[in-house]
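Encoded as structure tokens, the structure appears first; notes follow it.
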There are 2 protein chains.
Amino acid sequence: MDSATLLDILGNENRRKIIQLLANRPCYVSEISGRLGVGPKAIISHLGLLEQAGLIECSVDEQRRKYFNIANNMRLEVSVSPYAYTVSLHDIVFEKERKGETLAAAGKKEAPPRAEPSSVFLKLSSRLQELKTRQEELARMQQQLQAEYTELMDSCLDSLEGVARNPVECEVLFELLKNETTAAALCYNLRLHPSIINANLIDLAERGFIEYAIRNNQQYWRIRETGVEKA
Amino acid sequence: MDSATLLDILGNENRRKIIQLLANRPCYVSEISGRLGVGPKAIISHLGLLEQAGLIECSVDEQRRKYFNIANNMRLEVSVSPYAYTVSLHDIVFEKERKGETLAAAGKKEAPPRAEPSSVFLKLSSRLQELKTRQEELARMQQQLQAEYTELMDSCLDSLEGVARNPVECEVLFELLKNETTAAALCYNLRLHPSIINANLIDLAERGFIEYAIRNNQQYWRIRETGVEKA
């Protein structure tokens with residue numbers, strides 16, 4: 001699934017409620033319809049869309065009733081700020097043999113299958129709480145990074161004024177601060193003729209502000225990395 | 001803004017494209033309309049919705065033309081997995097005096113305003129790259145945590161079978177694994193009579209699997225924390 005499909009799905013309140021219910025436990029159409037107070041026809045249409053996207057799947061129980069459950073494991077992150085709009089969707093990958101020791105693996109080791117079931121259960125549950133705490137810590141760290149990113153971008157823009165010799169240079173450097181990119185992408189984004197873009201790129205490179213790297217036969221421009229001194 | 005409002009906004013492809021454009025640079029209606037190939041009337045309607053939500057704001061330039069820019073700084077995280085659907089939206093807070101040294105602050109210190117503008121710019125830009133790398137690292141760590149969480153939840157469910165004496169206990173413990181909660185919420189979620197829920201809660205507490213804490217005059221049940229040994 002791509003992030004656009006997921007955002008389209010999550011853009012509907014009833015679909016969000018259905019996902020919420022199914023993440024809690026697998027459900028029948030009648031259950032979902034009753035819980036949401038929405039007719040079964042509309043529910044079936046939403047479920048069809050979710051199933052088509054691979055987000056849910058259905059099974060049949062011993063009484064031949066269809067029930068639905070979440071089939072996917074993924075994480076979506078969206079940042080909106082004055083300098084950046086980023087959307088990233090990651091499928092959660094389960095590596096059977098991860099490098100280093102994971103909490104889950106450690107839990108299994110400390111409590112082998114033959115241990116008292118009650119103590120295994122309590123240990124696993126306490127590790128689950130540890131994981132939740134670590135997730136919250138990481139979320140806080142990411143929020144702080146986003147704040148720092150914005151502040152740093154403000155400072156970069158301030159310092160740009162002392163560096164750029166004309167408005168085009170200013171625009172080019174601003175684009176490259178956000179991401180390394182090709183001359184063609186700069187022409188498109190800044191709506192400027194290739195000859196203007198190229199003249200400015202060459203001048204900025206000569207003054208030691210930018211450099212390029214070749215990847216896939218394409219020239220990618222970026223702000224010069226410090227530490228690598230130019231002769 | 002709450003997460004539902006943001007998800008409703010992001011559920012439309014053209015609104016996503018508008019946010020993308022504005023995060024790149026402030027734009028006029030005619031620019032957005034031209035870039036998206038969408039009539040100005042539809043663009044104005046989307047912009048109105050975004051402005052009402054506080055996501056964007058408009059200013060007037062010296063030629064009295066209205067332009068729009070992103071007014072917000074926030075981060076949305078959505079996890080969808082068989083055991084959890086979580087949505088969290090955080091406003092990015094800029095603390096003027098953060099504890100500890102931030103990358104942005106360090107950058108400013110090392111390069112005071114009187115330093116050569118070009119070296120300030122290159123240093124700030126290289127810190128910006130550092131920040132991006134750290135953001136990617138944190139994102140990878142969170143994906144790994146989500147994988148561990150799911151694996152751990154699988155193990156917990158396996159061990160539940162050796163602990164629960166009846167299907168209701170199994171359901172109650174499963175609910176408490178996900179979150180601490182009140183008896184009333186359990187009744188609602190499991191669609192069971194309070195007398196049944198309470199009898200099972202008391203029995204599980206007596207056998208040392210669960211415990212409660214009082215907060216805001218409410219009894220919150222949770223899986224017993226290990227380390228605190230029960231007499």
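Below, read A as the first sequence line, B as the second, and so on, with proteins coming before strands; counting in each chain starts at 1. Source: prediction; values computed, not measured. When reading the values below, keep in mind they use all heavy atoms of this one structure, side chains included, and skip hydrogens, waters and symmetry mates.
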Check your understanding: What residue, out of A:Glu171, A:Met141, A:Arg191, has the most heavy-atom pairs lying under 4.5 Å from chain B?
Key -> A:Arg191
Point to revise | Choice from A:Ser159, A:Ser81, A:Gly162 maximising heavy atom contacts with chain B below 4.5 Å | key: A:Ser81
Revision key, fill the gap. Okay, A:Glu161 and chain B: the region with an atom under 4.5 Å from a heavy atom over there is neither
Check your understanding: Given a strict heavy-atom distance threshold of 4.5 Å, which part of A:Ala71 is in contact with chain B: side chain, backbone, both, or neither?
Key -> neither
**Study point:** Interface moiety of B:Ile70 toward chain A, non-hydrogen atoms closer than 4.5 Å
**Key:** both
Review point. Looking at A:Cys156, A:Ala84, A:Ser126, which makes the most heavy-atom pairs under 4.5 Å with chain B?
Key: A:Cys156
Revision key, fill the gap. Between A:Lys178 and A:Tyr83, the two heavy atoms sitting closest are CD-O, 3.6 Å
Exercise for review: Name the option with the most non-hydrogen atom pairs under 4.5 Å to chain A; the candidates are B:Leu21, B:Thr86, B:Asp8.
Suggested key: B:Asp8
Practice item. Output yes when A:Glu130 and A:Arg134 qualify as a salt bridge under the 4.0 Å nitrogen-oxygen rule, no when they do not. Key: no
**Study point:** Segment of B:Asn24 engaging chain A (4.5 angstrom heavy-atom cut-off)
**Key:** both
Review point. When only pairs under 4.5 Å are counted, which of B:Ser88, B:Ala4, B:Ala23 shares the most heavy-atom pairs with chain A?
Key: B:Ala23
Check your understanding: Taking everything shown except B:Tyr212 itself, do over 12 heavy atoms lie less than 6.0 Å from its OH?
Key -> no
**Study point:** Greatest number of heavy atom pairs closer than 4.5 Å to chain B - which of A:Gln146, A:Gln20, A:Glu77
**Key:** A:Gln146
Exercise for review: Please determine, among B:Met153, B:Met74, B:Gln142, B:His90, the option with the most heavy-atom pairs under 4.5 Å with chain A.
Suggested key: B:Gln142
Review point. Is there a side-chain contact between B:Asp61 and B:Tyr28 (heavy atoms, below 4.5 Å)?
Key: yes
Check your understanding: Between B:Lys132 and A:Tyr149, is any pair of side-chain heavy atoms under 4.5 Å apart?
Key -> yes
Point to revise | Top contributor to chain B interface from A:Asn12, A:Leu138, A:Asp91, A:Leu22 [non-hydrogen pairs under 4.5 Å] | key: A:Leu138
Check your understanding: Based on non-hydrogen pairs under 4.5 Å, which of B:Asn189, B:Ile56, B:Ile9 is most in contact with chain A?
Key -> B:Asn189
Practice item. Select, from B:Leu176, B:Val78, B:Leu89, B:Ile19, the one with the greatest count of heavy-atom pairs under 4.5 Å involving chain A. Key: B:Val78
**Study point:** Pair A:Glu136-A:Arg140, side chain to side chain contact (heavy atoms under 4.5 Å, CB included): steps then yes or no
**Key:** CA-CA 6 Å; A:Glu136 285 161 17; A:Arg140 271 194 299 276; 4.2 Å; yes
Check your understanding: Under 4.5 Å between any side-chain heavy atoms of A:Leu177 and B:Phe121, yes or no?
Key -> yes
Point to revise | Any B:Tyr85 side-chain heavy atom under 4.5 Å of A:Leu10 side chain | key: yes
Review point. With a 4.5 Å limit on heavy-atom distance, are the side chains of A:Arg165 and A:Arg207 in contact?
Key: yes
Practice item. Report the C-alpha distance between B:Ser59 and B:Tyr67 in whole Å, list the side-chain angles of each, state the deciding distance to 0.1 Å, and finish with yes or no for side chain to side chain contact (heavy atoms under 4.5 Å, CB included). Key: CA-CA 6 Å; B:Ser59 315; B:Tyr67 63 92; 3.7 Å; yes
Revision key, fill the gap. Counting heavy-atom pairs under 4.5 angstrom with chain B, the leader among A:Val80, A:Ile223, A:Leu173 is A:Val80
Review point. Which one of B:Glu175, B:Arg16, B:Arg222 has the most heavy-atom pairs closer than 4.5 Å to chain A?
Key: B:Arg16
**Study point:** Contact origin within A:Leu76 toward chain B - heavy atom pairs under 4.5 Å
**Key:** both
Check your understanding: Any chance the side chains of B:Thr5 and B:Asp2 put a donor and an acceptor closer than 3.5 Å?
Key -> yes
